[in-house]
Amino acid sequence: MSAMVIDGKAAAAQVLEQVSAEVAQLNQAGVQPALAVILVGQDPASEVYVRNKVLRAGECGIRSLEHRLPASTGEAELLGLIHSLNRDPGVHGILLQLPLPAHIEETRALQAISPAKDVDGFHAENVGGLHQGRDVLTPCTPTGCLHLLHQALGELRGKHAVVIGRSNIVGKPMAALLLEADCSVTVLHSRSRDAAELCRQADIVVAAVGRPCMVDASWLKPGAVVVDVGINRIEEHGRSRLVGDVDFASASAVAGAITPVPGGVGPMTIAFLMHNTVRAARQQSRAPKEAACLSIS
Ligand code: NDP
C-alpha cells in the first residue's frame, strides 16, 4: 500500500483564505483584527517563528504589533506589558513567544494573558474549557492536526486514536480535541509499556514526541491515518535536514494517509494562529464588555 500524502500547505492556504475573507468582513464592520506578538530575548529559532507569524498576519490583513524586549527584561515589566495589552481594545490576540528567559516564570506570564485574547489557547481558563467541551480558543498545532484529520477521514466518531506525547502544547490538547470528536483515545508517553503494540491498534496516530523517525511501519495498522507533529533536524551524509517523529518512507508503505515533514502540520500551526486571532476579534467586537472584564484578570 502507498499512503495518500496529506498536503498541509494546501490545507493551510484554504484556512488562510477563509481568515482573509473574515478579516474583510470585520473591516466592513469597523473592526481591524490585531495580534500583539511579544518576543523576549534573541533566540534565533524564536526570531524565525515570530517573523513568519508577522508575515502571515500581514498577508491576511491582520495588524501585528511586535514587542521585542531584551533578554534582561524583568518579569514585572513583562507582566506590565501584558496587562496593558489586555486593556487595549485595539488588540484582539496576544502571543507570547516561548521559550522565555529562565528568570521569568512561564506559567505566570501565560496566565497573565486575558483568556479572551489567548490565541495560543494556553491559559488555564481555556485549557479547562477545552476539557469541559466549551467553545474556547484551543492550541493552534493540535487544532490544525484535527482539521487535517477531518479532511482525510471526514467523521472521526468511534475511531481509536493514539496520541504519542503528553505535552501541554501538543499531546494533551490533542487528546482532548480527539475525545471531543468522539474518538476513543489512548495517550502514550516515555513511561508507556508496549507502545508499539498499543499504537498498532489505532485508526489514527498523532506523533508529537521530538524523536526522529521513532514510529515506523511496525507501529502501524494497515490503513491507519498518521499525523506527524515532530520537527527534528538531523545530520545525514554531511547535510542537515528536517524529519518528523515518523519514518515517512517505512510508514507510508502501511498507512492509509500520512502528513509529510516539512509541509504537513507546520503550516497548519500558523494558519490556526490567524484563525484564532480573527475568532478572538469577532468575539470581542460582539461582546466588548466581556473582553474588557476578562482583561483585568
Ligand atoms: P515535549 O518534549 O514537550 O514532549 C514530548 C513528549 O513525548 C513527552 O510527553 C514525552 O513523554 C514523550 N516521549 C518522549 N520519548 C518518548 C518515547 N520513547 N515514547 C513515547 N513517548 C515519548 O515536546 P512537544 O510536545 O513540545 O513537541 C513534540 C514534537 O513536536 C517536537 O519535535 C516539536 O519540535 C514538534 N512541534 C511541532 C510543532 C509544529 O508546528 N509542527 C509545534 C509544536 C511542537 P514524557 O511526558 O513521559 O516525558
Side-chain angles (χ1 to χ4, degrees), residues 5-13 15-16 37 43-46 48-53 55-56 95-100 106-107 110 119-122 127 130 138-149 161-178 185-202 205-216 218-220 226-234 240-248 251 258-276:
V5 177
I6 300 170
D7 186 346
K9 272 193 207 159
V15 173
L16 290 170
V37 182
D43 176 62
S46 295
V48 174
Y49 293 140
V50 164
R51 203 162 44 239
N52 287 339
K53 287 166 186 173
L55 200 70
R56 210 55 85 232
L95 181 134
L96 179 59
Q97 185 63 48
L98 302 177
L100 295 172
E106 190 176 290
T107 310
L110 290 173
V119 285
D120 259 334
F122 294 158
V127 174
L130 167 61
T138 54
C140 304
T141 300
T143 307
C145 294
L146 189 73
H147 186 89
L148 292 178
L149 283 168
V162 163
V163 178
I164 318 176
R166 58 174 168 180
S167 70
N168 290 332
I169 292 174
V170 191
K172 283 181 191 157
M174 185 75 252
L177 287 166
L178 288 164
V185 183
T186 302
V187 181
L188 304 178
H189 46 80
S190 67
R191 307 299 165 96
S192 295
R193 265 185 275 146
D194 306 321
E197 193 183 316
L198 289 167
C199 193
R200 263 196 305 278
Q201 296 168 26
V205 176
V206 180
V209 184
R211 292 175 69 111
C213 304
M214 185 181 88
V215 175
D216 65 15
S218 71
W219 288 56
L220 301 174
V226 180
V227 173
D228 189 355
V229 182
I231 303 177
N232 310 290
R233 189 165 287 284
I234 60 161
S240 130
R241 68 179 183 108
L242 289 183
V243 296
D245 292 337
V246 177
D247 180 343
F248 185 84
I258 186 168
T259 61
V261 176
V265 174
M268 298 302 282
T269 298
I270 292 195
F272 273 89
L273 175 64
M274 300 308 139
H275 175 271
N276 278 354

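Along the sequence shown, residues are numbered consecutively beginning with 1. In listed order, ligands and their atoms are each counted from 1. Just so you know, these numbers come straight off a predicted model, no measurement behind them.
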Minimum heavy-atom separation for Leu148 and Gly264, please, with both atom names.
CD1-O, 4.2 Å

Apply side chain to side chain contact (heavy atoms under 4.5 Å, CB included) to residues Asp245 and Val229 and explain how you reach the verdict.
CA-CA 7 Å; Asp245 292 337; Val229 182; 5.5 Å; no

Arg241: which residues meet the salt bridge (charged side-chain N to carboxylate O under 4.0 Å, His left out) condition with it, sequence neighbours left out?
Glu236

Name all residues meeting the salt bridge (charged side-chain N to carboxylate O under 4.0 Å, His left out) criterion together with Arg56; count only those two or more places apart in sequence or in a different chain, and write none if there are none.
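Salt bridge (charged side-chain N to carboxylate O under 4.0 Å, His left out) check on Arg56 returns Glu59.
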
Just to be sure I understand the cut-off, which residues have at least one non-hydrogen atom under 4.0 angstrom from an atom of ligand 1?
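Residue list for ligand 1: Thr141, Ile164, Gly165, Arg166, Ser167, Val170, His189, Ser190, Ala208, Val209, Gly210, Arg211, Met214, Val229, Gly230, Ile231, Asn232, Val265, Gly266, Thr269.
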
Asn276 side chain to Cys140 backbone, donor-acceptor under 3.5 Å
no

Distance-only donor-acceptor pairs under 3.5 Å for side chains of residues 192-202, two or more places apart:
{"residue": "Ser192", "atom": "OG", "partner": "His189", "partner atom": "N", "Å": "2.8"}
{"residue": "Ser192", "atom": "OG", "partner": "His189", "partner atom": "O", "Å": "3.3"}
{"residue": "Arg200", "atom": "NH1", "partner": "Ser218", "partner atom": "O", "Å": "2.7"}

